[in-house]
Amino acid sequence: MRPLRRTGRRPAATVGAIAVSLFLLVASRSVALSVHSFTLDNGMTFLVVERDGPLVAAGWSVRWGAGDDVPGRTGAAHFLEHLLFQGTEVIGTRDWTRERLLMAERDALLLAQRDDAEAARLAQLDAELQQVRIPGDYSRVYAEAGALGIDAVTNRDLSVYSLLVPKQRLELWFWMESERLLRPVFRNIEDELRVIEQERLQRLESSPIGPAIERFEERFWGVDHPYSWTSDGRRRDWQGLTAPGELRRIFERAYAPSHLTAALVGDVDLEQVRQLAQLYFGRRRSAAPDTGSPASDAVTLAAGEDRPGSLDETCACRTQVEARYSTVPFSHPDTVVLDVLAGILNGRTGRLHRELVLDRRIAFSATSRHAAWRRAGSFSLFAEALEDEPPERLLAALDEVVSTLREEDVGARELEKVKNQITTDVARQVQEPAALMRRLLVYAGLGDWRRLVDWDRAALAVGPADIERVVRQYLVPERRGEMILRRTAGSTTR
């Protein structure tokens, strides 16, 4: 059907830097992790972990997410993620030569001032394009090869594309994924826009608290911050993305080889992976010199700057509050300490649940969340009111928990419990191939995959003084924004 190996072509002798191996020892569980890394001449990085098993967890990430979208074109990263499943010049079409001509004529009509005749021709072109296209062809090829779990996700800093493929069909993965980087065809743009619109409606706009969360993000970060919009972007920007050629221009910049990292975890031969990587992904070249992300990687809110914005609204929901503090980006060493702090606060035996839910009985639930992104981070405390408890009482209770952490050392047993959970979680993720593959790619997209090797050791080294220090440094009023959602009178909640 399609030749996967190009006979007569020898892979280049050089495949970038010599592979290095790093090892992760997960406390007493002794889970050894050897990660082999090499870089192609074009700048794309490959991470390989050799494991037994019939399936290979294979994926790649692009260090370009919603935070790299620019005002006026927000939503582009998520849009591109969708369109890369539409196929290539070979996959997804019955006749690429004819389809290309039809698409060119359609683009010309879209750029022109249309009269009724041109509108009729546009409708005819759409009908002809549907006849020549093969919907779902990309997934079908993989399914016939026995691949599972085809998935992709876009967040603030990256997009990840992943699946599980039989080890005998690994070369198919190299060909398929490199082809959609080398020769993608952005089909059915308007249809995909409607899919994204529906996703946004289900996830955000139809939720009682969704629109308020979106407004809070913009106020907390500031309207010009790259994290002030969701991965969907701002609806008013979408139409500009459908202009002929616009997404292609963004793609060529965003998906430069230097922004790409691939990860393979499974029963693979390292030398064969090197050769296939150069043979297929080595064909991708940058259309222009790599100028990096349009948004700065150093957009953090330091103490002394204007404090984050807040929100106070009513909604048909349970009364709830979020106290969010601006912290530090992923690359900062304090992110590990903040992770441990979240562990102390969370869970059925964590301080928030114990204090607000069990002891005071003023909250239905109480949790925390630490989010460390490439450019900035945040630490949030959440509480949902029990019955008609006022939000001010919830916030006061959260403040008391923080105050205790600031003034008193965390006990050795409490800290040991959190560290034991960290050990268990890391061991589980390292042992499961798909989870390890995705974690490597996420760390690469956030800044450095090598931090995966050091994270658990750094977490196990955190002491009471570290917890007290980050609470005093980051969980302070000048770094705090608040979202208060008051239950609308007469509304019912579940």
Side-chain angles (χ1 to χ4, degrees), residues 16 39-47 58-70 73-92 138 150-163 173-189 192-193 196 226 231-233 240-264 276-295 297 374 437-438 440-447 449:
T39 303
L40 301 183
D41 294 337
N42 62 13
M44 183 174 180
T45 298
F46 277 77
L47 309 174
W60 55 276
S61 67
V62 55
R63 191 171 181 263
W64 193 285
D68 297 289
D69 293 338
V70 297
R73 293 293 183 269
T74 63
H78 188 200
F79 210 161
L80 285 171
E81 174 218 309
H82 276 247
L83 291 175
L84 283 177
F85 283 91
Q86 290 293 322
T88 68
E89 296 175 8
V90 178
I91 300 169
Y138 174 86
I150 303 170
D151 195 18
V153 64
T154 295
N155 64 29
R156 282 173 165 155
D157 291 325
L158 67 148
S159 294
V160 175
Y161 302 79
S162 61
L163 53 73
W173 177 84
F174 276 92
W175 179 75
M176 290 275 285
E177 300 308 298
S178 64
E179 278 291 305
R180 66 171 171 171
L181 285 169
L182 189 66
R183 286 183 280 265
V185 177
F186 298 152
R187 300 178 171 95
N188 303 313
I189 288 178
E192 285 303 320
L193 181 59
I196 291 175
S231 62
D232 297 325
L241 295 174
T242 64
E246 181 62 23
L247 285 165
R248 172 70 63 175
R249 286 188 289 273
I250 297 172
F251 169 81
E252 292 299 333
R253 184 183 182 192
Y255 283 70
S258 59
H259 295 163
L260 304 176
T261 300
L264 299 169
L276 292 174
Q278 182 63 33
L279 181 65
Y280 291 107
F281 286 96
R283 298 176 296 164
R284 173 81 169 128
R285 292 289 184 268
S286 297
D290 178 20
T291 56
S293 303
D297 278 2
R374 193 193 327 146
M437 175 266 294
R438 286 190 291 268
L440 283 167
L441 293 175
V442 168
Y443 272 61
L446 291 175
W449 64 270

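Model, not experiment: these values are computed from the prediction.
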- [ ] Measure the spacing between CG of Leu181 and CE of Met44 and express it to the nearest 0.5 Å.
- [x] 6.5 Å
Task: Ala66 to Ala77 - nearest heavy-atom pair and separation - done: N-CB, 3.9 Å
- [ ] Look at the rings of Phe46 and Phe174 and say which category their plane angle falls in: under 30° parallel, 30 to 60° tilted, over 60° perpendicular.
- [x] parallel
- [ ] Could I get the full list of ring pair (Phe, Tyr, Trp, His ring centres under 6.0 Å) partners for Phe186, not counting sequence neighbours?
- [x] Phe251
Task: Donor-acceptor pair, side chain of Arg180 and main chain of Leu84, under 3.5 angstrom - done: yes
Open item on the list: I'd like to know if the side chain of Arg187 reaches the main chain of Thr88, judged simply by a donor and an acceptor atom lying under 3.5 Å from each other, with no hydrogens or angles considered.
Closed with: yes
Task: Glu246 and Arg253 ion-paired at < 4.0 Å - done: no
Open item on the list: I'd like to know if the side chain of Asn42 reaches the main chain of Arg285, judged simply by a donor and an acceptor atom lying under 3.5 Å from each other, with no hydrogens or angles considered.
Closed with: no
- [ ] Look at the aromatic rings of Tyr138 and Phe85 and report parallel, tilted or perpendicular, splitting at 30° and 60°.
- [x] perpendicular
Task: Backbone N/O of Gly447 and side chain of Asp157: donor-acceptor pair under 3.5 Å - done: no
Task: Lys/Arg-Asp/Glu bridge criterion (N-O < 4.0 Å) met for Arg438, Asp151 - done: no
- [ ] Indicate whether any N or O donor in one side chain lies under 3.5 Å from an N or O acceptor in the other, for Ser159 and Glu81.
- [x] no
Open item on the list: Minimum heavy-atom separation for Arg283 and Ser178, please, with both atom names.
Closed with: NH2-OG, 2.9 Å
- [ ] Starting from the C-alpha separation in whole Å, work towards a yes-or-no answer on side chain to side chain contact (heavy atoms under 4.5 Å, CB included) for Arg73 and Leu241.
- [x] CA-CA 6 Å; Arg73 293 293 183 269; Leu241 295 174; 3.6 Å; yes
Task: Ile91 and Glu179, any side-chain heavy atoms less than 4.5 Å apart - done: no
TODO: Check whether any side-chain N or O of His259 sits under 3.5 Å from a backbone N or O of Ala254 as a donor-acceptor pair, and report yes or no.
DONE: yes
TODO: Could you check Trp173 against Tyr161 for ring-ring contact (aromatic ring centres under 6.0 Å, His included), going step by step and ending with a plain yes or no?
DONE: CA-CA 11 Å; Trp173 177 84; Tyr161 302 79; over 10 Å; no
Open item on the list: Let me confirm one number: the CZ-OG1 distance from Arg63 to Thr45, rounded to the nearest 0.5 Å.
Closed with: 11.0 Å
